[in-house]
Amino acid sequence: MTRSPLLFPFTGRTRSALSAIGPANTPVLGPKNAPSRGRLAGLDGLRALAVIAVALYHFFPAMLPGGFIGVDVFFVISGFLITGLLVSEHTHTGHISLRRFWQRRARRLIPPLIPVVLICCTIAFLIGGDVLVGLGGQLLGASTFGYNWVSIATDASYFSLSEPELLRNLWSLAVEEQFYLVWPLLLMAVLLVRRPRVRLAIVTTLFVASALWMGVLYQPGTDPTRVYYGSDTHSFGLFAGAALALLLRRPSGQRNELPRIRPWLGGGAILAIIAFALWLPENGTITYRGGLVAVSLATAVAIWAGVRGGRFGRLLDAAPLRYLGERSYGIYLWHWPVLVLIQLLWPASSPAGSLLPIGLLASVITVVLAGVSYRWLEVPIRRIGVRASIRRIGAQWTGPTRRRRLVAATAALSLLLVGGTTAAVVAAPAQTSAQLRIERGQRAMDAAARVAAQAAATEAARQAAVAPALAESPITAIGDSVMLASAPELQATFAGMTVDASVSRAMYSADDILAALAAAGQLKPVVVIGLGTNGPITTDELTEILRILGPDRRLVLVNAYAERDWTAAVNAQLADFAAGNRRVELANWHDAIAGRLDLLAGDHVHPGPTGGQVYADEVHAALERLAAVPPLPDNSWLMRGPDAPSSPPYR
């Protein structure tokens, strides 16, 4: 997320000497007659909107499904401020001090991060289980500001809801820190060019190159984490802000552009950002091939309209938004690990659990912790620095007894937190309970594939003059990771079943899979589909499935059990569809497992062996109900001649 380079992360306050980012008494980011206010108007409000969007996306995903675009808003603000600061220093001194620049970045970013990591990791150690998996790699990424690349290397997914990755939100901090490391070096080369238009063209080219690279690498239908996390593919927002900072450094006579319509353009940009947060899908092609770029451009327009002075910037910096904007760095740092830990302690699937109270509780705790961090950590360090703050704390040891006890307690707590974090890394299991169950299912599928020919021969030998029960017929099963975890029990229960299940598969992929099996002659008389865990479904998708199956095949739809905002709607749609077609039956996995969460992994989604048998039993029960449905009458007799029988035969 973005950090204000002028005093401290996300605060929006600036040193008065640098507030204009230009020569003294000659502000370049506002109109000529704009007063010196010690801060850039509108940026706190933008930060607040951005962090609200990200928090809502995580706390209440159904409310703001595109809220992840708040990160891109922060990227543009960060690129704008960092570039303005560096160019101003170069204008004043003729050079850029890299050492001082990087020291300021470390001083302002690292202190608030340390308590987040130590406290949350220690609490995770006390909870134990799946949340500790991969924690060592996460800490490596956090400490080196390479979290995004560590996650890419380990195939972690930003969009996965089944992996309790404690420090996942630090990926964006890594992208920005890498920008802070490289951009000053590049900018010094750019500033060697004397013509401002050529400088702007160079930075704009970098913006376009990063945006195009994201579009090229993105593969529709796959997890987009690589292009979302990559510093190469997701730096266009930072370059958009940098280009804006260069664009606004022009002669004084050209500074007050479009004073009458500027507020309207700024307001339109804010509405566009809100619309993107409501509309852009996290896994849609439009998002990665133009959508996020449009968010960055809209943010640049909003920044321009705000910092140029006037009522738009003042409105955007209304008191509540300014309060959140000043604390937005802390809010961003705390909100995700707080949510993960609360969900582990109070899962939404528990009898008293619900996504709404969990989200509300996480919101309150996040704001309180961010406020404490801002008041007692960020502001003091901003005012006097890290070393002076440490000396001031040390001086309390010579003060009254109460203060000495407070210092001693703080030191002891710090040591406990360091020990707890270390213990969390040492005690971390190699795999989550869900991964173990999924691998178990995969092994069962592989074993079944090796004996497919023998199974086919066995099935043929079982044919008799009397048709077998439907549950004994050849079955094709298509599913997600829940079915994959249940594969051993399904194959043990149904000798004629072929299971094709995969992690993160959703209903929209079913038609292609079924069409390919049908074309290859491998689609069996009975089809079981369990694809409701990973996203919403539509009636059109179900209708297309039934069309591919044709009139002679039977279909069982397995509903979903997961702590997802779409689960209830998915299950209702599956039930309605099954009720409206006599060739379709519903396997009610949701109700069967709802009261037996001890049979699921720590993510409360994937079953173990006993839970897998419950899954298989529900499919078996659905097949028995489907077999009991009387056959359709043969109405062809109505088209026959006058000698046709008086009543229709049944088939």
Thr533: what forms a side chain to side chain donor-acceptor pair (under 3.5 Å) with it, not counting sequence neighbours?
Asp480
Evaluate the criterion side-chain contact (heavy atoms from CB on, under 4.5 Å) for residue pair Gln178 and Leu181; output intermediate values, then yes/no.
CA-CA 5 Å; Gln178 292 156 32; Leu181 180 65; 5.5 Å; no
Side chain to side chain, Leu85 and Leu81, heavy atoms closer than 4.5 Å:
no
Evaluate Phe75 against Thr299 for side-chain contact (heavy atoms from CB on, under 4.5 Å), listing each step before the verdict.
CA-CA 9 Å; Phe75 281 173; Thr299 303; over 6 Å; no
Measure the shortest side-chain to side-chain distance between Leu49 and Ile273 over non-hydrogen atoms and say whether it is less than 4.5 angstrom.
no
Do the non-hydrogen side-chain atoms of Val295 and Leu280 ever get within less than 4.5 Å of each other?
yes
Whether Ser78 side chain and Phe74 backbone form a donor-acceptor pair below 3.5 Å
no
Are Pro357 and Trp346 side-chain neighbours, meaning at least one heavy-atom pair lies under 4.5 Å?
yes
Stacked cation flag Arg327 on Tyr323, 6.0 angstrom / 45 deg
yes
Any Lys/Arg nitrogen of Asp155 or Arg226 sitting under 4.0 Å from an Asp/Glu carboxylate oxygen of the other?
no
Would you say Thr222's side chain and Gln219's backbone share a donor-acceptor pair under 3.5 angstrom?
yes
Using the side-chain contact (heavy atoms from CB on, under 4.5 Å) rule, take Trp213 and Phe236 through it: C-alpha gap first, then chi angles, then the decisive distance, then the call.
CA-CA 10 Å; Trp213 190 229; Phe236 49 82; over 6 Å; no
Test item: Asp44 and Leu321 side chains (from C-beta on) under 4.5 Å apart, heavy atoms:
no
When rounded to the nearest 0.5 angstrom, what distance separates CZ in Phe145 from CD in Glu176?
11.0 Å
Minimum heavy-atom separation for Gly611 to Pro607, with atom names?
C-CB, 3.5 Å
A side-chain contact here means heavy atoms from C-beta on lying under 4.5 Å apart; do Trp334 and Ile119 qualify?
yes
Roughly how far apart are Arg168 CZ and Asn148 CG, rounded to 0.5 Å?
14.0 Å
Does Ser373 use its side chain to pair, donor to acceptor, with the backbone of Leu369 at less than 3.5 Å?
no
Ignoring hydrogens and geometry, is there a side-chain-to-backbone donor-acceptor pair from Tyr329 to Leu109 under 3.5 Å?
yes
Would you please indicate yes or no on a ring centroid separation below 6.0 angstrom for Tyr229 and Trp149?
no
Test side-chain contact (heavy atoms from CB on, under 4.5 Å) applied to Tyr147 and Val175, Ile152, Leu173, Leu167, the passing residue:
Leu167
Spatial distance of atom CG (Leu139) from atom CG (Leu170) [nearest 0.5 Å]:
9.5 Å
Can you tell if the side chain of Tyr374 reaches within under 4.5 Å of the side chain of Val379, non-hydrogen atoms only?
yes
Is Glu378 salt-bridged to Arg382, going by a charged N under 4.0 Å from an acidic O?
no
Supply the atom-to-atom distance Asn283 CG to Thr287 OG1, rounded to the nearest 0.5 angstrom.
7.5 Å
On a heavy-atom basis, the closest approach of Ala424 and Leu135 is CB-CD2, 3.6 Å
Not counting sequence neighbours, which residues clear side chain to side chain donor-acceptor pair (under 3.5 Å) with Tyr218? List them please.
none
Determine the minimum heavy-atom distance between Glu165 and Ser157, stating which atoms define it.
OE1-O, 4.3 Å
Trp171 ring center near Tyr228 ring center (under 6.0 Å)
yes
Quick check for you: to the nearest 0.5 Å, what is the distance between Thr233 atom OG1 and Leu292 atom CG?
10.0 Å
For Phe59 and Ser363, which heavy atoms make the closest approach, and how far apart are they?
CD1-OG, 3.1 Å
Minimum heavy-atom separation for Ala242 and Thr83, please, with both atom names.
CB-OG1, 3.1 Å
Centroid separation under 6.0 Å, is that true for the rings of Phe239 and Phe179?
yes
Using the test side chain to side chain donor-acceptor pair (under 3.5 Å), find all partners of Asp72 that sit at least two apart in sequence or belong to another chain.
His234
Between CG of Leu186 and CG of Leu206, what distance do you get to the nearest 0.5 Å?
7.0 Å
Minimal non-hydrogen separation, Val76 against Ala300, with atom names
CG1-N, 4.0 Å
State whether the side chain of Thr122 and the backbone N or O of Leu417 hold a donor-acceptor pair below 3.5 Å, judged by distance alone.
yes
Exam field: side chain Arg289 to backbone Gly215, donor-acceptor pair closer than 3.5 Å:
yes
Is there a donor-acceptor contact under 3.5 Å from the side chain of Thr225 to the main chain of Tyr158?
yes
Check for a donor-acceptor pair, side chain of Asn169 on one end and backbone N or O of Leu333 on the other, with a separation under 3.5 Å.
yes
Are side-chain heavy atoms of Leu98 and Met188 found at a separation under 4.5 Å?
yes
Can any side-chain N or O of Thr610 pair as donor or acceptor with the backbone N or O of Leu599 at less than 3.5 Å?
no
Please check this pair: side chain of Ser509 against backbone of Arg505, looking for a donor-acceptor N/O pair closer than 3.5 Å.
no
Does Val203 form a side-chain contact (heavy atoms from CB on, under 4.5 Å) with Trp183? I'd like the steps, not just the answer.
CA-CA 11 Å; Val203 178; Trp183 178 234; 3.7 Å; yes
